[in-house]
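Any value given below was found using the heavy atoms of this structure, including those in side chains, with hydrogens, waters and symmetry copies removed.
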Amino acid sequence: RSARVIAWLADEKWRLNVFRTHGKIYEASAAQMFHVPIENIKKGSRLRQQGKVAELALGYGGGFGAMKAMDKAGTIPDDEIPMIIANWRKASPNICKLWRNAEAAARAAIEERRTIKLKHGLSFSYINRILFIGLPSGRKLAYYDTRIEDDEKGKSVITYAGVDQETKKWGRLKTWGGKLVENIVQATARDCLAVTMERVSGAGYQIVMHVHDEIIVDVPETDIDALEKITAIMAQPVPWAQELPLRGDGYETPFYKKD
């Protein structure tokens, strides 16, 4: 759901059209990047692989390092990576604009102590040293002891107090437009899943666990229409994001596994 959410938040029209129709975002991304018909991009092809790596690596402002980290098989030569990054960003100008707008809004909220509002219900405010980001659902993200300060290279950056994911120690963490958008997108996708889980549970199905964007439901084998009904529920729009195109996919298995 994250790819759908960022397309909706950024108003990236061609991406929204992909999710409202065939849903082949890797192929569509490659078609936009390399200006070739989407029909010519097949599963397993080099262009599709490049589109997939770019989609997974670049949505939140990632660059060369993110591409290398995502392309663990080394399918893309180093000298081609800058061109792919440039093509992806050129094909997704509204997503790039969302990174800039998120950082500018955060900085303005911190420096000017006022609330900044963006599209789709996003808001940025600064209260008692805490940067709050209001989400479309009405929930808020909070960044404790947020500051704007110079880093070791003298560059102005946004920092906050938190636990470093690598060292697991409390300290000052940096954030920026792309990272803020990642937090917003992941949190919004979580809120979509929460609405869906309430609906599925309300329909009488027993949810035994959930993993990322999946829900695992324990259903009697005699309920032959359960999969169709649950995926239909997952595709229903959420109240605070009517224009966000959602879709449900699923499979049946006697034990949990990746499809």
ask   = Taking only residues two or more places apart in sequence, or in another chain, which ones meet Lys97 in a salt bridge (Lys or Arg N to Asp or Glu O under 4.0 Å)?
value = none
message = Could you check whether any side-chain heavy atom of Leu122 comes within less than 4.5 Å of a side-chain heavy atom of Pro136, counting everything from C-beta outward?
response = yes
task = May I ask you to check whether over 12 heavy atoms, not counting those of Arg247, lie within 6.0 Å of atom CZ?
result = no
query = Below 4.5 Å, heavy atoms only, C-beta onward: do Trp8 and Leu246 meet side chain to side chain?
reply = no
Joint cluster assignment, Ile6 & Leu56, ILVMFWY side-chain distance < 4.5 Å = yes
request  = To the nearest 0.5 angstrom, please state how far the CG atom of Asp225 sits from the CG atom of Asp223.
outcome  = 6.5 Å
Exceeds 12 heavy-atom contacts within 6.0 angstrom, atom CD of Glu243 = no
note = Which of Leu98, Leu135, Leu244 passes side-chain contact (heavy atoms from CB on, under 4.5 Å) with Leu9? Answer is Leu98
note = Heavy-atom nearest pair, Ala102 first then Val181, reads CB-CG2, 3.9 Å
query = Can you tell me how far the OH atom of Tyr144 sits from the CG atom of Leu173, to the nearest 0.5 Å?
reply = 13.5 Å
query = Got a second to check how far Ile158's CD1 is from Arg147's CZ, nearest 0.5 Å?
reply = 13.5 Å
task = Could you walk me through whether Phe124 and Leu118 pass the side-chain contact (heavy atoms from CB on, under 4.5 Å) test, one step at a time?
result = CA-CA 8 Å; Phe124 297 72; Leu118 301 182; 3.5 Å; yes
Ile127 reachable from Ile110 in the ILVMFWY side-chain graph, under 4.5 Å edges = no
ask   = Judged by atom type as modelled, is there a donor-acceptor pair below 3.5 Å linking the side chain of Asp71 to the main-chain atoms of Ile76?
value = yes
Separation of Asp78 CG from Met67 CE (nearest 0.5 Å) = 10.0 Å
inquiry  = What I want to check is whether the side chains of Ser92 and Glu12 have a donor and an acceptor closer together than 3.5 Å.
reply    = no
query = Going through the distances and angles, do Arg89 and Leu58 end up as a side-chain contact (heavy atoms from CB on, under 4.5 Å)?
reply = CA-CA 8 Å; Arg89 292 181 178 179; Leu58 304 180; 5.5 Å; no
query = Is it the case that more than 12 heavy atoms not belonging to Gln242 sit under 6.0 Å from its CD atom?
reply = yes
Hphob cluster co-occupancy, Val5 + Met234, side-chain heavy atoms under 4.5 angstrom = no
query = When Leu141 is tested against each of Leu180, Ile133, Leu131 for side-chain contact (heavy atoms from CB on, under 4.5 Å), which residue passes?
reply = Ile133
task = Ignoring hydrogens and angles, tell me if any N or O in the side chain of Asn94 forms a donor-acceptor pair with the backbone of Asp11 under 3.5 Å.
result = yes
remark   = Smallest heavy-atom separation, Tyr60 atom then Ser2 atom, equals OH-CB, 3.9 Å
query = Got Ile38 and His22 here, is their nearest side-chain heavy-atom distance under 4.5 Å?
reply = yes
message = Using 0.5 Å steps for rounding, measure from the CG atom of Asp164 to the NZ atom of Lys174.
response = 11.5 Å
inquiry  = Would Ile25 and Phe19 count as a side-chain contact (heavy atoms from CB on, under 4.5 Å) here? Give the steps.
reply    = CA-CA 8 Å; Ile25 190 60; Phe19 291 122; 4.0 Å; yes
note = For Pro245 and Leu16, the nearest pair of non-hydrogen atoms, with its separation, is CD-CD2, 3.8 Å
request  = For residues Ala57 and Met70, report the shortest heavy-atom separation together with the two atoms involved.
outcome  = CB-CB, 4.0 Å
ask   = Between Arg48, Gln50, Glu55, which is the residue that forms a side-chain hydrogen bond (donor to acceptor under 3.5 Å, both in side chains) with Ser29?
value = Glu55
Under 3.5 Å donor-acceptor, Ser45 side chain and Ile41 backbone = no
message = Is there a continuous path of hydrophobic side-chain contacts, each under 4.5 Å between heavy atoms, that joins Tyr251 to Val211?
response = yes
task = Could you walk me through whether Met83 and Phe34 pass the side-chain contact (heavy atoms from CB on, under 4.5 Å) test, one step at a time?
result = CA-CA 10 Å; Met83 176 268 294; Phe34 303 112; 4.0 Å; yes
message = Quick one, Trp176 and Val157 - any side-chain contact, counting heavy atoms below 4.5 Å?
response = no
message = Count I, L, V, M, F, W, Y as connected when their side-chain heavy atoms are under 4.5 Å apart, and connections chain through other members. Are Leu227 and Val208 then in the same cluster?
response = no
ask   = What is the distance from atom CD1 of Ile233 to atom CD of Glu228, rounded to the nearest 0.5 Å?
value = 11.0 Å
message = With a sphere of 6.0 Å drawn around CG of Asp79, does it hold more than 12 non-hydrogen atoms of other residues, nucleotides or ligands?
response = yes
ask   = Leu47 and Ala30: which non-hydrogen atoms are nearest, and at how many Å?
value = O-CB, 3.4 Å
query = Which word best sums up how the rings of Tyr160 and Tyr143 line up, parallel for under 30°, tilted for 30 to 60°, or perpendicular for over 60°?
reply = perpendicular
request  = Would you mind checking if Arg172 and Glu152 are paired as a salt bridge, meaning a charged N to carboxylate O distance below 4.0 Å?
outcome  = no
ask   = If you count the non-hydrogen atoms of other residues, nucleotides and ligands that lie under 6.0 Å from NE2 in His120, is the total more than 12?
value = yes
note = Heavy atoms of Ala142 and Ile130 approach each other most closely as CB-CG2, 3.8 Å
ask   = Under 4.5 Å between any side-chain heavy atoms of Cys192 and Arg4, yes or no?
value = no
